[in-house]
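Shown next, in structure tokens, is the structure this report addresses.
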Amino acid sequence: DAGVIQSPRHEVTEMGQEVTLRCKPISGHNSLFWYRQTMMRGLELLIYFNNNVPIDDSGMPEDRFSAKMPNASFSTLKIQPSEPRDSAVYFCASSLGDWDTIYFGEGSWLTVV
Amino acid sequence: GIQVEQSPPDLILQEGANSTLRCNFSDSVNNLQWFHQNPWGQLINLFYIPSGTKQNGRLSATTVATERYSLLYISSSQTTDSGVYFCAVERRGTYKYIFGTGTRLKVLA
């Protein structure tokens with residue numbers, strides 16, 4: 001199995017630009033998570049999808065952040081406009097069901113200057 | 001919300017030593033997982049362990065849900081064990097895994 005695939009692996013962008021992060025979950029998994037990791041706040045859950053439906057987006061920091069899952073094999077996390085404080089590693093993860101092992105992608109390292 | 005505390009925050013071991021990492025949580029949980037984040041940032045699942053004991057090679061984990069803690073044992077540590085160990089708990093009915101602050105482990109050759 002290819003695992004959870006994220007792109008881009010690294011992105012450097014200027015403040016105010018739109019950023020789109022992409023994720024392909026493991027085939028057959030019906031739960032998808034977006035996490036953000038920073039030194040100050042650790043690993044935070046941003047949003048959780050089940051069967052392509054957003055179940056809990058209470059962790060999305062503000063309206064500048066949005067996430068979609070148009071089908072079972074693809075999800076995006078968009079930041080518009082980006083700010084320097086959005087600099088972090090963004091992880092996508094998937095699991096077979098609500099109560100199963102979570103598998104993480106390698107992360108997208110975002111730097112906003 | 002639920003609090004997840006891990007101890008110790010930092011640990012330095014000589015290769016071959018054993019160690020125990022602890023995860024305490026403040027509320028009843030449905031599920032608990034242990035992860036290892038290697039020095040390259042990859043997060044690898046070690047155990048899915050809502051209760052009981054599991055072993056995988058040199059690693060084993062025990063969760064006592066009624067007493068709200070879990071332990072991760074590393075035996076005969078190797079330099080490749082270095083990194084940060086996280087526990088993550090899912091509070092009953094929320095489907096949200098909350099991560100602890102991690103234990104940073106460094107194994108010296």
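Just so it is clear, the values below take in all heavy atoms, side chains as well, and ignore hydrogens, waters and symmetry mates. Proteins get letters first, then strands, A, B, ... in listed order; numbering begins at 1 in each.
- Using a 4.5 Å cut-off between heavy atoms, A:L45 touches chain B through its side chain atoms alone.
- Contacts with chain B were tallied for A:V89, A:L43, A:I55; A:L43 has the most, counting heavy-atom pairs under 4.5 Å.
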* To do: In sequence, state the C-alpha distance, the side-chain angles, and the governing distance for A:F33 and A:F49, and then conclude on ring-ring contact (aromatic ring centres under 6.0 Å, His included).
  => CA-CA 6 Å; A:F33 310 84; A:F49 290 89; 9.6 Å; no
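- No continuous path of ILVMFWY side-chain contacts below 4.5 Å connects A:F74 to A:Y35, so the two sit in separate hydrophobic clusters.
- Using a 3.5 Å distance cut-off with no hydrogens or angles, the side chains of A:S58 and B:K96 do pair a donor with an acceptor.
- You'll find the side chain of B:L59 reaches within 4.5 Å of the side chain of B:L46, heavy atoms only.
- In the model, B:S75 has no side-chain atom that pairs as donor or acceptor with a side-chain atom of B:N18 under 3.5 Å.
- Note on residues 36-64 of chain B: pairs passing ring pair (Phe, Tyr, Trp, His ring centres under 6.0 Å), not counting sequence neighbours, are B:H36-B:Y85.
- Only the side chain of A:Q37 comes within less than 4.5 Å of a heavy atom in chain B; its backbone stays farther off.
- Under 3.5 Å, the side chains of B:Q33 and B:Y97 contain a donor-acceptor pair of N or O atoms.
- Among residues 103-113 of chain A, the residues having any heavy atom closer than 4.5 Å to a heavy atom of chain B are, in sequence order, A:F104, A:E106, A:W109.
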